[in-house]
Chemist: 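There's a structure below that I have some questions on.
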Amino acid sequence: MPDPIFAVDPRQAAVAGELYASARDLPLISPHGHVDPRLLADDEPFGDPARLLVVPDHYVTRMLLSQGIAPDRLGVPRRDGGPVETDGRTIWRLLAENWHLFRGTPSRLWLEQTFRTVFEVSTRLTPRTADEVYDAIAARLAEPSFRPRALFERFNIEVLATTESPADDLAQHAKLAADGWGGRVITTFRPDDVVDMDRPDWASSVRQMGALAGVDITTYPRYLDALRARRQAFIAAGATSSDHGHPTARTASLPASDVARLFEKGLRGDATAADAEMFRAAMLVEFAAMSIEDGLVMQLHPGAVRDHNDVLFRAHGKDVGGDIPQATDYVHALRPLLDAYGMDPRLRLVLYTLDEYTFSRELAPLAGGYPALYLGAPWWFLDTPDAMRRFREAVTDAAGFYNTAGFVDDTRAFCSIPVRHDVARRSDAAYLASLVVQQRLPMDEALETMADLAYHLPKRVFRLDGGAA
Ligand SMILES: [Zn+2]
């Protein structure tokens, strides 16, 4: 059976198959994602198939919304607590009736592969087979071997990073560490809610962080003290990286007194949108300095216009599929940070994009020119087999393979983790195979690169191997 990702050319497909087979069973390194640590801390059985695979998957719910199917009918909770569909089977049937919308999409590829490889259900989903597929998955979910920790082990996850705010007390991670289970689940320092003054809850998040750090945050220096203290707490809970989700990649080197003035305006509730942008820009440079001190690898995720769909946001809140990518500048935006620290071998900054036009024009030349920079995996709308191929084709010329950071699944959906990594491994195998058949790379080097992309690079770049640099 032809593989859907490898290649149409049979010789290239055979080489891709060999490369993929060499890396297929390597453990999964998941240095960036959004699985709720409570899932593994509690180890309770998952809910019904719809609540596991449809309701929280904004790729799925947004496509259905685009054809007029209200999120209420898919069980997506409302901010006002109003009624939404609660019957899993009804939600599942609605998905099956509209399954044709997903033809050719990565959502269909991921879901079908999840049904098949995680739940061993290979009946094709159609309106007619909706109940059969639902019942088969529900039956699996009732088995003890389908609890989260059992799946973590079956998925062969070597390390899984979740994402928490400095205003989070990390209780779930403490619970995981205390009960001796042994799976490596670490946190990631994600300070957006204490950095982004545009958020209505910014000041309260700052206060909450201060309470956890034992610092009364009345001034900018105390704010920095609290951030440093929380970073140490995160490092103690296993964190090896920080993650920064900003609307733009803008950075700024400002005198501390200027940043302090912006901070004080924020605390007074007087900060304008321009002040908030400048404060975020200055804080990125500040965080780079902190990374050099404490060794956390920095990740920057710019370019999402959050909550673009205002009606959806007002009804259902954040992270339900209403975000849209925008054009993103890196060359000028990152320059202040790179002028300050781009040549410092202690800094590691992993860059992501939602704007694939920057792959070859900006990101690859930057990563190919500064020791601090690495290119993160194709992210979100670009986390698809075709975009992964375009990524390698666009960045390898100027950045090679070793200025890239390996795959991150970036998922909230725990059961999709093995499928996401498998698709990335197949995509990389397909790209490497194209180099092999064109005689641009000998097979032994392609095999070594394959293992590096799948396993060794993410482990090394995200400092998951215990290495300091
Ligand atoms: Zn993420």
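For the single chain, residues carry numbers from 1 onward in sequence order. Atoms within a ligand are numbered from 1 in the order they appear, just like the ligands themselves.
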Chemist: Which of parallel (below 30°), tilted (30 to 60°) and perpendicular (above 60°) describes Phe263 and Tyr220?
Modeler: tilted
Chemist: So, is the end of the Arg231 side chain (NZ or CZ) under 6.0 Å from the ring centre of Phe189 and within 45° of the ring's axis?
Modeler: yes
Chemist: Which pairs with one or both residues in residues 315-335 pass ring pair (Phe, Tyr, Trp, His ring centres under 6.0 Å), sequence neighbours excluded?
Modeler: none
Chemist: Which of parallel (below 30°), tilted (30 to 60°) and perpendicular (above 60°) describes Tyr223 and Phe279?
Modeler: tilted
Chemist: Can you count the protein N, O or S atoms that lie less than 2.8 Å from the Zn ion (ligand 1)?
Modeler: 3
Chemist: Which of parallel (below 30°), tilted (30 to 60°) and perpendicular (above 60°) describes Phe119 and Phe146?
Modeler: parallel
Chemist: So if I apply the side chain to side chain contact (heavy atoms under 4.5 Å, CB included) rule between Val423 and each of Asp409, Leu109, Thr384, which one comes out positive?
Modeler: Leu109
